[in-house]
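The block underneath contains the structure these notes are about, expressed in structure tokens.
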Amino acid sequence: QVLLVQSGGGLVQAGGSLRVSCAAPGRTFSGYAMGWFRQAPGKEREFVVAISRGGWRTYYADSVKGRFTISRDNAKNTVYLQMDSLKPEDTAVYYCAAGVNPVVAASAYDYWGQGTQVTVSS
């Protein structure tokens, strides 16, 4: 079992920036690919970005490409999602997830964080 603890997020105006973090306290998660997903009210959970175990490969949804950046620090057992140029449509609960491969499908991830609200006002 891998416990993922999220932090960060909050409220920001359109065009602003936020960062969300996801940590695995007491665990070495370098053996896991990590992903970020989001779910807006009344919508399905959607893929945002994923990063490979070593951090060398990243995959972004078209909707966030060029605005969001995923990174990981395996020494700190933490993955980060830097969100810039935020838009109101980015408003959602953001979830980190750990799995074997950095893929789009949420079903491929085994462990999930508790979720973090990100709200972008217009």
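FYI, the numbering just counts along the sequence from 1. Heavy-atom basis, side chains included; hydrogens, waters and symmetry copies ignored.
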Looking at Gly115, is its backbone amide N or carbonyl O close enough to the side chain of Gln6 to form a donor-acceptor pair, meaning the two atoms are under 3.5 Å apart?
yes
Under a single-linkage definition using a 4.5 Å side-chain heavy-atom cutoff for Ile, Leu, Val, Met, Phe, Trp and Tyr, are Val93 and Phe47 assigned to the same hydrophobic cluster?
yes
If the condition is side-chain contact (heavy atoms from CB on, under 4.5 Å), which residues does Lys65 pass it with, not counting sequence neighbours?
Tyr60, Asp62
If we only count heavy atoms from C-beta on, is the Leu86 to Phe68 side-chain gap below 4.5 Å?
yes
Sequence-distant partners of Tyr59, side chain to side chain donor-acceptor pair (under 3.5 Å), two or more places apart
Arg57
Filter on salt bridge (Lys or Arg N to Asp or Glu O under 4.0 Å), then keep only pairs touching residues 41-55, sequence neighbours left out; what's left?
Arg38-Glu46
Going by ring pair (Phe, Tyr, Trp, His ring centres under 6.0 Å), name the pairs with one or both residues in residues 72-102, residues two or more places apart or in two chains.
none
How would you list, by chain and number, every residue that makes a side chain to side chain donor-acceptor pair (under 3.5 Å) with Thr91, sequence neighbours excluded?
none
Hey, could you give me each pair passing side-chain hydrogen bond (donor to acceptor under 3.5 Å, both in side chains) that has a residue in residues 106-115? Not counting sequence neighbours.
none
Which residues pass the side chain to side chain donor-acceptor pair (under 3.5 Å) test with Ser7, sequence neighbours left out?
none
Nearest heavy-atom neighbours spanning Ala92 and Ala40
CB-N, 3.8 Å
Same cluster (ILVMFWY, side-chain, under 4.5 Å), Trp36 and Tyr32
yes
Which donor-acceptor pairs under 3.5 Å do the side chains of residues 12-19 make with protein atoms, sequence neighbours left out?
from, atom 1, to, atom 2, distance (Å)
Ser17, OG, Asp84, OD1, 2.7

Thr119 to Gln117 - nearest heavy-atom pair and separation
OG1-NE2, 3.2 Å
Report yes if some heavy atom in the side chain of Asp90 is under 4.5 Å from a heavy atom in the side chain of Met83; otherwise report no.
no
Spacing of Glu89 atom CD and Ser122 atom OG [to the nearest 0.5 Å]:
10.0 Å
Which atoms form the tightest heavy-atom contact between Pro25 and Ala23, and what is the distance?
CD-O, 3.3 Å
Under the rule for side-chain contact (heavy atoms from CB on, under 4.5 Å), what residues qualify as partners of Ser85, not counting sequence neighbours?
Arg67
Flag yes if Leu81 and Ile51 sit in one hydrophobic cluster, no otherwise; membership is Ile, Leu, Val, Met, Phe, Trp, Tyr, and two members link when side-chain heavy atoms are under 4.5 Å apart.
yes
Is there a path of hydrophobic side-chain contacts, each under 4.5 Å between heavy atoms of I/L/V/M/F/W/Y residues, joining Phe37 to Leu4?
no
Qualifying residues under side chain to side chain donor-acceptor pair (under 3.5 Å), relative to Arg72, sequence neighbours excluded:
Asn74
Heavy-atom closest contact (Ala108 atom, Val103 atom, distance)
CB-CG2, 3.4 Å
When clusters are formed from ILVMFWY side-chain contacts under 4.5 Å, directly or step by step, what else is grouped with Leu11?
none
Residues pairing under disulfide (SG to SG under 2.5 Å) where one sits in residues 84-122, two or more places apart or in two chains, turn out to be Cys22-Cys96
